[in-house]
Participant: 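Questions regarding the structure given below will be posed in turn.
Nothing here was measured: the structure is a model prediction, and the numbers come from that model.
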Amino acid sequence: MPYHDVLKSGALDNQDEEKKEENKDEQKMGEKKDEGKKEEKKENKDEGKEEDTNVEEKKEEKQDEEKHDEEGNEVVDYSNVEVPSSLQSLCGYVETTLKPQGKIMTFNIEKEVFGADRSTFVLHEDITQFAGMEEIGATVVAVYMRCLYDLLREANMCSMVGFIDPAQVSANAGSLTDRSRIVASRLQKTDGEQIFMMPYNPGRHWVLLIVRAKRETVYFLDPLPGNRVVDEEGKNIVNSALKIYNSHIGRPGRKAPIWKTLPGTPKQPSSVECGYYVMRFMRDIIMDPSLEFEKKFAKGKDQAPYPQAAIDEVRKEWAEFVCLHMD
């Protein structure tokens, strides 16, 4: 083979070798790119999984928040609870009249109920909250007490049971002295045998106090489970009222009134039902002419919640009474 052909052949061989090397390098680069893409896909997939996990966690957190109030207490979902027909009518009145016309419902509560004539009013928010089994205020409770007064009158029990206005004695209703005088004023208008029901709210929770002046005994009914104790301010209000009462009838009285906790009441299932339970407690007591509530609720262990039908009975009666005042 001529020399130049050898050179040419060598050059060609060298070129072939160079091309082979280049191809190898390109192949390696391609493999690296493929590996990078695979790694990128894997990372994206992992990130997607993390995002999905975060979304699920957020959903769970939101659901958990919806089941609890601002203080972390459990709240039962009442969105599917059937609303009594009378309450449905009232809700319709809210939408057709109260809200569009900016009206309120005014009530006159006779002096026989709380010891003095007074007017009160129900807002459309009171009605919708009541229909939705949300927390309720003193006006709603007071209106139901006016409704219960009719039951007392029908049963000739007005001399046996009296009421103290929750709006005038609960927290932020005035000084402790003023509230004590209001309670004392109610007690002075009795022979002492009459019991007085006093729904009391120390702050976002309803309890029922029952005052028996002649025996200087106060009963404490709390719908929350556990070993509950009466609010100190509420206790001072009633104790001071009993001292005023004793002075009024001219007896020295006990060193301190007797306080009895009745732990056997039905217990609310979450944090919003206390007002409804206190209303039901009053109804249960009134419906027993013997007034043996101490025996009824003095069991040593916590009781199960009321069935919803028992609470709906109260809601139905409240709504029927309020419906009588629709224009």
Participant: Do Ser185 side-chain atoms and Arg181 backbone N/O form a donor-acceptor pair below 3.5 Å?
Facilitator: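 No; judged by distance alone, with no hydrogens or angles, the pair does not exist.
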Participant: Measure the shortest side-chain to side-chain distance between Lys99 and Glu95 over non-hydrogen atoms and say whether it is less than 4.5 angstrom.
Facilitator: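 Heavy-atom side-chain distance check passes, below 4.5 Å.
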Participant: Nearest 0.5 angstrom please: Arg228 CZ to Leu221 CG, how far?
Facilitator: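 The CG atom of Leu221 is 13.0 Å from CZ of Arg228, to the nearest 0.5 Å.
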Participant: Check for me, please, whether Met279 and Leu151 land in the same ILVMFWY cluster - side-chain distances under 4.5 Å, paths through other members count.
Facilitator: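 They do share one cluster, since a chain of ILVMFWY contacts under 4.5 Å joins Met279 to Leu151.
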Participant: Do Arg186 and Gln168 have side-chain heavy atoms sitting under 4.5 Å apart?
Facilitator: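 Counting from C-beta outward, Arg186 and Gln168 never come under 4.5 Å.
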Participant: Which value, rounded to the nearest 0.5 Å, describes the distance between Thr261 atom OG1 and Asn227 atom CG?
Facilitator: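 Taking OG1 in Thr261 and CG in Asn227, the distance rounds to 9.0 Å.
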Participant: Would you say the side-chain atoms of Lys296 pair up with the backbone N or O of Thr265, donor to acceptor, closer than 3.5 Å?
Facilitator: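 Between the backbone of Thr265 and the side chain of Lys296 there is no qualifying donor-acceptor contact (under 3.5 Å).
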Participant: Please evaluate residues Phe293 and Tyr219 with respect to the criterion ring-ring contact (aromatic ring centres under 6.0 Å, His included), reporting the C-alpha separation (whole Å), side-chain torsions for both, the decisive distance (0.1 Å), and the verdict.
Facilitator: CA-CA 10 Å; Phe293 59 90; Tyr219 303 91; 5.0 Å; yes
Participant: Are Ser240 and Leu176 side-chain neighbours, meaning at least one heavy-atom pair lies under 4.5 Å?
Facilitator: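 Yes; the side chains approach each other to less than 4.5 Å.
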Participant: So with a 6.0 Å cut-off around NZ of Lys295, is the heavy-atom count from everything else above 12?
Facilitator: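 Counting other residues, nucleotides and ligands, NZ of Lys295 stays at 12 neighbours or fewer.
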Participant: Return a table of donor-acceptor pairs under 3.5 angstrom between the side chains of residues 102-115 and protein atoms on other chains or two or more places apart.
Facilitator:
from: Lys103; atom 1: NZ; to: Asp327; atom 2: OD2; distance (Å): 2.7
from: Glu110; atom 1: OE1; to: Arg146; atom 2: NE; distance (Å): 2.7
from: Glu110; atom 1: OE2; to: Arg146; atom 2: NH2; distance (Å): 3.1

Participant: Tyr277 and Pro223: which non-hydrogen atoms are nearest, and at how many Å?
Facilitator: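 What the structure gives for the nearest pair is CB-CB, 3.7 Å.
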Participant: Is any side-chain heavy atom of Met133 less than 4.5 Å from a side-chain heavy atom of Ile311?
Facilitator: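 The answer is yes; the side chains approach within 4.5 Å.
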Participant: Could you tell me the separation between the CD1 atom of Ile136 and the CD1 atom of Ile127, rounded to the nearest 0.5 Å?
Facilitator: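 Reported value, rounded in 0.5 Å steps: 13.0 Å.
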Participant: Looking at every heavy atom in both Val169 and Ile237, which two are closest together, and how far apart are they?
Facilitator: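 That would be O-CD1, 3.8 Å.
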Participant: I'd like to check Trp206 versus Ser170 (side-chain heavy atoms, cut-off strictly below 4.5 Å). Are they in contact?
Facilitator: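 Touching, per the 4.5 Å side-chain cut-off.
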Participant: Taking all non-hydrogen atoms of both residues, which atom of Gly174 and which atom of Arg179 are closest, and how far apart?
Facilitator: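 Nearest pair, atom of Gly174 first, then Arg179: O-NE, 3.1 Å.
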Participant: Would the Phe321 and Tyr144 ring centres measure less than 6.0 Å apart?
Facilitator: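 Between Tyr144 and Phe321, which both carry aromatic rings, the centre distance is not below 6.0 Å.
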Participant: Group every Ile, Leu, Val, Met, Phe, Trp and Tyr by side-chain heavy-atom contacts under 4.5 Å, then state whether Leu98 and Met326 land in the same group.
Facilitator: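 Yes, same cluster.
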Participant: Linking I/L/V/M/F/W/Y whenever their side-chain heavy atoms sit closer than 4.5 Å, directly or via other members, would Val229 and Trp259 fall into one cluster?
Facilitator: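 Looking at the clustering, Trp259 is in a separate group from Val229.
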Participant: Identify the two heavy atoms, one from Ala319 and one from Ser86, that lie closest to each other, and give their separation to 0.1 Å.
Facilitator: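 Minimum heavy-atom separation between Ala319 and Ser86: CB-OG, 3.4 Å.
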Participant: Under 4.0 Å between a side-chain nitrogen and a carboxylate oxygen: does that hold for Asp284 and Arg280?
Facilitator: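 A salt bridge links Asp284 with Arg280.
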Participant: Could you walk me through whether Arg251 and Glu216 satisfy the salt bridge (Lys or Arg N to Asp or Glu O under 4.0 Å) test, starting with their C-alpha distance in whole Å, then the side-chain angles of each, then the deciding distance to 0.1 Å, before giving a yes or no?
Facilitator: CA-CA 11 Å; Arg251 75 172 178 186; Glu216 294 182 84; 3.7 Å; yes
Participant: Please answer whether the main-chain N or O of Val83 pairs with a side-chain N or O of Gln88 as donor and acceptor at a distance below 3.5 Å.
Facilitator: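 Between the backbone of Val83 and the side chain of Gln88 there is a qualifying donor-acceptor contact (under 3.5 Å).
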Participant: Working to the nearest 0.5 angstrom, can you tell me the gap between Arg212 CZ and Leu187 CG?
Facilitator: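 Here the rounded value is 13.0 Å.
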Participant: If Ile, Leu, Val, Met, Phe, Trp and Tyr residues are connected whenever their side-chain heavy atoms lie under 4.5 Å apart, and connections chain through other members, are Val211 and Ile258 in the same group?
Facilitator: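 Result: no, two separate clusters.
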Participant: How many angstroms lie between NE2 in His124 and CD in Gln129, if you round to the nearest 0.5 Å?
Facilitator: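 Answer for the NE2-CD pair, His124 versus Gln129, is 10.0 Å.
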Participant: Do Leu90 and Trp318 pass the side chain to side chain contact (heavy atoms under 4.5 Å, CB included) test, and can you show the C-alpha distance, the side-chain angles, and the key distance before you say yes or no?
Facilitator: CA-CA 10 Å; Leu90 208 49; Trp318 184 90; 3.8 Å; yes
Participant: With side chains defined as the heavy atoms from C-beta onward, is the minimum distance between Asp312 and Leu87 less than 4.5 Å?
Facilitator: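 Asp312 vs Leu87: side chains apart.
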Participant: So among Ile210, Ile285, Ile286, which one has a side chain to side chain contact (heavy atoms under 4.5 Å, CB included) with Leu291?
Facilitator: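 Going through the options one by one, the only one that passes is Ile285.
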Participant: Between Arg118 and Asp165 (salt bridge meaning N to carboxylate O under 4.0 Å), is one present in this structure?
Facilitator: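 Yes.
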Participant: Which distance, rounded to the nearest 0.5 Å, do you find between the SG of Cys274 and the CZ of Arg204?
Facilitator: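 Going from the SG atom of Cys274 to the CZ atom of Arg204 covers 9.5 Å.
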Participant: Please name the pair of heavy atoms, one in Leu224 and one in Ser270, separated by the smallest distance, quoted to 0.1 Å.
Facilitator: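 So the minimum-distance heavy-atom pair works out to CD2-O, 4.5 Å.
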Participant: Between Arg153 (side chain only) and Cys158 (backbone N and O only), is there a donor and an acceptor less than 3.5 Å apart?
Facilitator: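 No.
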Participant: Looking only at heavy atoms, which two atoms of Glu294 and Ala298 are closest? And how far apart?
Facilitator: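 Closest approach of Glu294 to Ala298: O-CB, 2.7 Å.
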Participant: Hey, are the side chains of His205 and Gln268 touching, using non-hydrogen atoms and a 4.5 Å cut-off?
Facilitator: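 They are in contact (side-chain heavy atoms under 4.5 Å apart), so the answer is yes.
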Participant: Can you establish whether the number of heavy atoms outside Glu82 located under 6.0 Å from its atom CD is more than 12?
Facilitator: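 Not buried by this count: 12 neighbours or fewer within 6.0 Å.
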Participant: Please lay out, stage by stage, how Val230 and Val207 fare under the test side chain to side chain contact (heavy atoms under 4.5 Å, CB included).
Facilitator: CA-CA 9 Å; Val230 68; Val207 298; 5.7 Å; no
Participant: Assigning hydrophobic clusters by single linkage (Ile, Leu, Val, Met, Phe, Trp, Tyr; side-chain heavy-atom cutoff under 4.5 Å), is Ile182 placed with Ile244?
Facilitator: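 Ile182 and Ile244: separate clusters.
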Participant: With side chain to side chain contact (heavy atoms under 4.5 Å, CB included) as the test, would you mind laying out the steps for Tyr276 and Val314 before giving the verdict?
Facilitator: CA-CA 8 Å; Tyr276 305 89; Val314 167; 5.8 Å; no
Participant: For the backbone of Phe130 and the side chain of Arg315, can you confirm whether one donor and one acceptor N or O come within less than 3.5 Å of each other?
Facilitator: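 Yes, the answer is positive, given that a donor and an acceptor are paired below the 3.5 Å cut-off.
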Participant: Are side-chain heavy atoms of Met145 and Pro166 found at a separation under 4.5 Å?
Facilitator: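 In contact.
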Participant: Between Glu233 and Tyr200, is a side chain to side chain contact (heavy atoms under 4.5 Å, CB included) present by the stated rule, with each step listed?
Facilitator: CA-CA 11 Å; Glu233 188 172 77; Tyr200 176 74; 3.7 Å; yes
